Amino acid sequence: MLIVSALYHFTRFPDPAALRGPLARLACSHGVRGTLLLAPEGINGTIAGTRQGIDAVLAHIRALPGCADLVWKESTAVDMPFGRLKLRLKREIVTMGQPDVDPRAAVGHYVAPPDWNALIADPDVAVIDTRNDYEVEIGSFAGAVDPGTRSFRDFPDWWQQNAHRFHNKRIAMFCTGGIRCEKSTNYLLSQGVKDVFHLQGGILKYLEEVPQEDSLWQGECFVFDRRVSLTHGLRQGTYGLCHACRRPLSAEDTQHPDHEPGVSCHRCIGEYSVADRARFRERQRQVDLARQRGADHFGPAPSDA
């Protein structure tokens, strides 16, 4: 059984490039795979490996400047959910495109998972899902507002166009692991919203801690690795992945006439050129050949960046 660790931490890294090499070498030496993003504002990512390997990488990250109080969430996987280790330098560890947003200055009130149900059941509270449209499609909290955004950087524009809908409301926000809410709640505070709350630890922590019989979560939670989705108790869900557009696919979706494994699904059938499709088919052919040999030739997992 492998350990999957999702983490983020906002801190000031004057030279994130200098941190990349030592962290990558340590992770590789322990066989740890996944994606880690380094930026001047901190670190974000999900990694998987043995207990010993994950502990070594987490200890290294906690020793980085300002990261002593790093918090992470763990789940398990039978098979390695990542093809390789990717350690990338970014402008932001989660891209919102708002240079004045700084979660280190102020964020909304954290709400622990056991207290979340009572908050969102209050009729004076507007519940907003800050994730992308394809994530919301496979699961969300009952009654939550779906902004319908294609990427997180679309959220500020959505808010500007819809803020009037939430006049005199308290705002409760949630996302997969908590990082997007760090920025979205800071953004709303900067827009003059006084009562802003967010789910501490995100959906993953809620699914881990809140018993299914008490849960207000409906559906499954999209995750950015080969497991694709998780359910209550952080058990692997039922969704697959379109390896062309990286959107989740249900068993029913794979029966759609526009679905071609590795090449297209009904959502992305009109989004790519003929040349793109030819490239996707060749990639899928290599995947199939590798599978026949018992080798691993999966493409990279989708990214939350």
Side-chain angles (χ1 to χ4, degrees), residues 1-13 15-90 93-94 103-104 110 112-113 175-180 182 199-210 221-237 296 298 300-305:
M1 189 66 69
L2 298 170
I3 305 299
V4 183
S5 179
L7 61 97
Y8 71 86
H9 192 73
F10 286 96
T11 187
R12 184 58 60 191
F13 288 152
D15 185 9
L19 308 177
R20 183 182 186 183
L23 181 54
R25 287 191 291 272
L26 175 72
C28 287
S29 70
H30 286 277
V32 171
R33 301 182 190 179
T35 299
L36 289 170
L37 308 179
L38 290 166
E41 66 179 7
I43 187 169
N44 175 31
T46 305
I47 53 176
T50 64
R51 176 80 272 168
Q52 180 183 13
I54 293 297
D55 286 347
V57 173
L58 292 176
H60 181 95
I61 294 173
R62 291 181 67 193
L64 297 178
C67 291
D69 55 349
L70 173 77
V71 176
W72 63 91
K73 291 170 288 297
E74 290 189 353
S75 54
T76 58
V78 175
D79 300 313
M80 172 55 74
F82 298 102
R84 61 183 184 274
L85 176 70
K86 294 180 289 183
L87 217 158
R88 296 172 170 170
L89 300 177
K90 294 281 189 176
I93 56 174
V94 60
R104 295 175 304 138
Y110 291 109
C175 59
T176 307
I179 186 171
R180 279 177 274 196
E182 300 281 352
L199 177 57
Q200 189 170 26
I203 302 162
L204 295 181
K205 200 65 175 174
Y206 183 92
L207 293 179
E208 178 185 0
E209 293 190 1
V210 177
C221 178
F222 183 84
V223 290
F224 293 87
D225 59 61
R226 291 181 187 167
R227 295 172 300 172
V228 184
S229 66
L230 299 178
T231 62
H232 288 88
L234 301 182
R235 295 182 295 273
Q236 185 165 340
D296 185 1
F298 282 99
S303 171
D304 193 18

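Given the structure is predicted, the values throughout are model-derived calculations rather than measurements.
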message = Other residues, nucleotides and ligands only: do more than 12 of their heavy atoms fall within 6.0 Å of CD on Gln52?
response =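 Atom CD in Gln52 is not crowded, with 12 or fewer foreign heavy atoms closer than 6.0 Å.
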Heavy atoms, side chains only, cut-off 4.5 Å: are [X] and [Y] in contact?
X	Y	answer
Leu204	Thr176	yes
Trp72	Leu58	yes
Thr76	Ile3	yes
His60	Leu23	yes
Leu36	Lys86	no
Thr46	Phe224	no

Distance from [X] atom [atom1] to [Y] atom [atom2], nearest 0.5 Å?
X	Y	atom1	atom2	result
Asn44	Arg88	CG	CZ	12.0 Å
His9	Arg104	NE2	CZ	10.0 Å
Lys73	Ser5	NZ	OG	8.5 Å
Leu37	Ile179	CG	CD1	8.0 Å
Thr11	Ile43	OG1	CD1	10.5 Å
Ile47	Asp225	CD1	CG	12.0 Å

Can a donor-acceptor pair be found, under 3.5 Å and without considering hydrogens, that links the side chain of [X] to the backbone of [Y]?
X	Y	answer
Arg20	Leu87	yes
Arg12	Pro40	yes
Glu41	Ile93	yes
Arg33	Gly83	yes

Exercise. Mind running side chain to side chain contact (heavy atoms under 4.5 Å, CB included) on Met80 and Leu2 for me, showing each step along the way?
Key: CA-CA 7 Å; Met80 172 55 74; Leu2 298 170; 3.9 Å; yes
Electrostatic pair Glu74:Arg51 at N-O distance under 4.0 angstrom: yes
